[in-house]
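In this text the structure is predicted, and so the values were computed from the model without any measurement. Residue numbers begin at 1 in each chain, while the letters A, B, ... track the order of the sequences.
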4 protein chains.
Amino acid sequence: MASRGVNKVILVGNLGNDPEIRYMPSGGAVANITVATSESWRDKNTGEQREKTEWHRVALFGKVAEVAGEYLRKGSQVYIEGQLQTRKWQDQNGQERYTTEVVVQGFNGTMQMLGGRQGGGQGMPMGGQQQQGNWGQPQQPAAQQNNFAPQQQAAPQQAPAQQPQQQYNEPPMDFDDDIPF
Amino acid sequence: MASRGVNKVILVGNLGNDPEIRYMPSGGAVANITVATSESWRDKNTGEQREKTEWHRVALFGKVAEVAGEYLRKGSQVYIEGQLQTRKWQDQNGQERYTTEVVVQGFNGTMQMLGGRQGGGQGMPMGGQQQQGNWGQPQQPAAQQNNFAPQQQAAPQQAPAQQPQQQYNEPPMDFDDDIPF
Amino acid sequence: MASRGVNKVILVGNLGNDPEIRYMPSGGAVANITVATSESWRDKNTGEQREKTEWHRVALFGKVAEVAGEYLRKGSQVYIEGQLQTRKWQDQNGQERYTTEVVVQGFNGTMQMLGGRQGGGQGMPMGGQQQQGNWGQPQQPAAQQNNFAPQQQAAPQQAPAQQPQQQYNEPPMDFDDDIPF
Amino acid sequence: MASRGVNKVILVGNLGNDPEIRYMPSGGAVANITVATSESWRDKNTGEQREKTEWHRVALFGKVAEVAGEYLRKGSQVYIEGQLQTRKWQDQNGQERYTTEVVVQGFNGTMQMLGGRQGGGQGMPMGGQQQQGNWGQPQQPAAQQNNFAPQQQAAPQQAPAQQPQQQYNEPPMDFDDDIPF
DNA sequence: TTTT
DNA sequence: TTTT
């Protein structure tokens, strides 16, 4: 829990796809999302308007992953606070590759749904039928890979001696997907 | 310059090596540094103290790159504020690879040297002979490695005409100022 | 523009009232908003749900103030990045008082409208009639105090030698309003 | 613990005075420090260099307050991450006054000592005799000013049972670690 | 792949 | 005074 140094990422952007939820053998949820941030500026040579979108891999763990799986959808706007983490893996040729992600886990991060009336009524963001933002209806976290009930680790954040960052050595994570990174 | 979304990284850590400085055809400086942040925690199973160091690639552009090249050294402690940026490149086998960096450029970021009484004396961080932290003596930004344009110009947000970040040349703070409360 | 030290505030919250816009003699706009952030938790003694709202004074300057005046309304959700600033003033009894605000000015800060389809279509956040979030229709910045045309300082941020922080010594700012601070 | 909204302050600056430590009836420590951040710029009218220092009230709670009391001294450079909080009080004339502070408490904030090789040797920041930065010798947190409960307990988010922030007792970083890229 |  |  101690730390020398600061490692903090803050993002506000929109999801490029629905979250992908997986469960670790321990039952803890992992949600992977991609978040777009973009900036636009006027090219000072050509004078034309230009835009550049940056895509961020974000991995959420535990309770916040469950919330993401239930309420976030493609297009949802989110505030993300997490840490940068680079992990090494082997591609199909046995070559070492590195992937950098924003990790949101326990007290080292947070996720906030933005826009719409998130977190509304009966535990669903919209509180009703009419969709205001791009939020999902609360779902059974069912359409997932493997699925032992995520053993409600609702408040693990207070746990006195939590073990950070042991992620990513459990599910394979399919990094050969055709996602652009 | 407009932007929808927020893309912000904040790091406090130490350099793993001396900065590598290059110059673009335009004359603009680029500094590459690696910054370590670490956290330690007590393993709740074994009870032993564990530590994990995360290494961050950071690319600085323009004036702030020159300052980095002059004053930062292996071990220097820095505050970095920048943006996440992932760029695509081809490895020797023609395979697409991705590298994620923290980009510090113009008004989208800042770098602050920490420790010692930076901003001291004659434009060098320490103000004197005795080395307090791990800061370099001001150098000619001459010993540049090589000089091909870096494969990436990072975000073109404010291009050549930028001129921020000439910090580090102010008098030391007087801590006997009357604090207004 | 240089700085020793970091002074940064990040808020995501909702406006408690419509923005108040004023113009300085120089023509620069100033927008004052109050932003609510809240947290809720379960009281570990009584077991009941509790909530606490924190109200923040935010002062925006220049272009971002104009945008705030045009598009933000009571209830609007915003992302604010600015600096902490405490200024001294005299109350009606001649007593020294201090007020702390989050100042958003030039490159030292940013404001992003959240939720809805902000910044949409023709320069208005919603792009149409149907109100999705709590955003104002684009207005003439007319109903303001004094009103020499704000001399479009649209890109003063690039200005080579801008003069920071001289605010608050121009308009009186009416700090005896019945706002709770 | 839940929250709608983000309320975050990040400071890097120097202490204007030694910390003031107090203990609450519960035994929890409270440290009050004032942190200076400053910026300087060239006045675009007169052409002269100008500087402005901003002073921040910071209140630390719990373990981090104890660390502050032991190791921080006037002039110490710190990284602070906390929340903005405004509290109401009555002055000697019975008038309502407001004071805004940066509150560092539990998981909602952190404090890092900067400069020197903090986290070194035997649990003290410098690891030895020779003072590199402006750090105090570890003290008994005994010389407390006075001992009435501070008028404010700040947000009760995680109350007594908190236990984060026991940093600063790790071995120094080895910068010859193999950087993974 | 998002959003505007 | 907001929002949920």
Take atom [atom1] of [X] and atom [atom2] of [N], then tell me their distance rounded to the nearest Å.
| X | N | atom1 | atom2 | answer |
| --- | --- | --- | --- | --- |
| A:Glu51 | E:dT1 | CD | P | 16 Å |
| A:Glu54 | E:dT1 | CD | C1' | 14 Å |
| C:Leu72 | F:dT1 | CG | P | 20 Å |
| A:Arg73 | E:dT2 | CZ | P | 16 Å |
| C:Gln77 | F:dT1 | CD | P | 21 Å |
| A:Lys52 | E:dT2 | NZ | P | 17 Å |
| C:Asp18 | F:dT1 | CG | C1' | 11 Å |
| C:His56 | F:dT2 | NE2 | C1' | 11 Å |

State which of [options] makes the closest approach to the side chain of [X].
| X | options | result |
| --- | --- | --- |
| C:Ala36 | E:dT1, E:dT2, F:dT2 | F:dT2 |
| A:Asn17 | F:dT2, E:dT1, E:dT2 | E:dT1 |
| A:Lys74 | F:dT1, F:dT2, E:dT1 | E:dT1 |
| A:Thr34 | E:dT2, E:dT1, F:dT1 | E:dT1 |

> When you check the gap from the basic side-chain N to the acidic O, do C:Lys52 and C:Glu39 get nearer than 4.0 Å?
Replying inline: no
> Taking side chain as C-beta onward, heavy atoms only, is A:Lys8 less than 4.5 Å from D:Glu81?
Replying inline: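 A side-chain contact exists here, since the closest heavy-atom pair is under 4.5 Å.
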> For A:Ala31, what residues pass the side chain to side chain contact (heavy atoms under 4.5 Å, CB included) criterion, not counting sequence neighbours?
Replying inline: A:Ile21, A:Leu60, A:Ala65, A:Ala68
> What residues, two or more places apart in sequence or in another chain, satisfy side chain to side chain contact (heavy atoms under 4.5 Å, CB included) together with C:Thr100?
Replying inline: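 Only C:Leu84, C:Thr86, D:Thr100 meet the side chain to side chain contact (heavy atoms under 4.5 Å, CB included) criterion with C:Thr100.
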> Planes under 30° and centres closer than 5.5 Å, is that true for A:Trp55 with the base of E:dT2?
Replying inline: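 No.
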> Knowing that exactly one of A:Val78, A:Thr34, A:Ile33, A:Val103 qualifies, which makes a side chain to side chain contact (heavy atoms under 4.5 Å, CB included) with A:Val58?
Replying inline: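 Answer after filtering A:Val78, A:Thr34, A:Ile33, A:Val103: A:Ile33.
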> Hey, does C:Thr53 reach any base, or is it just sugar-phosphate, or nothing, if we go heavy atoms under 4.0 Å?
Replying inline: base
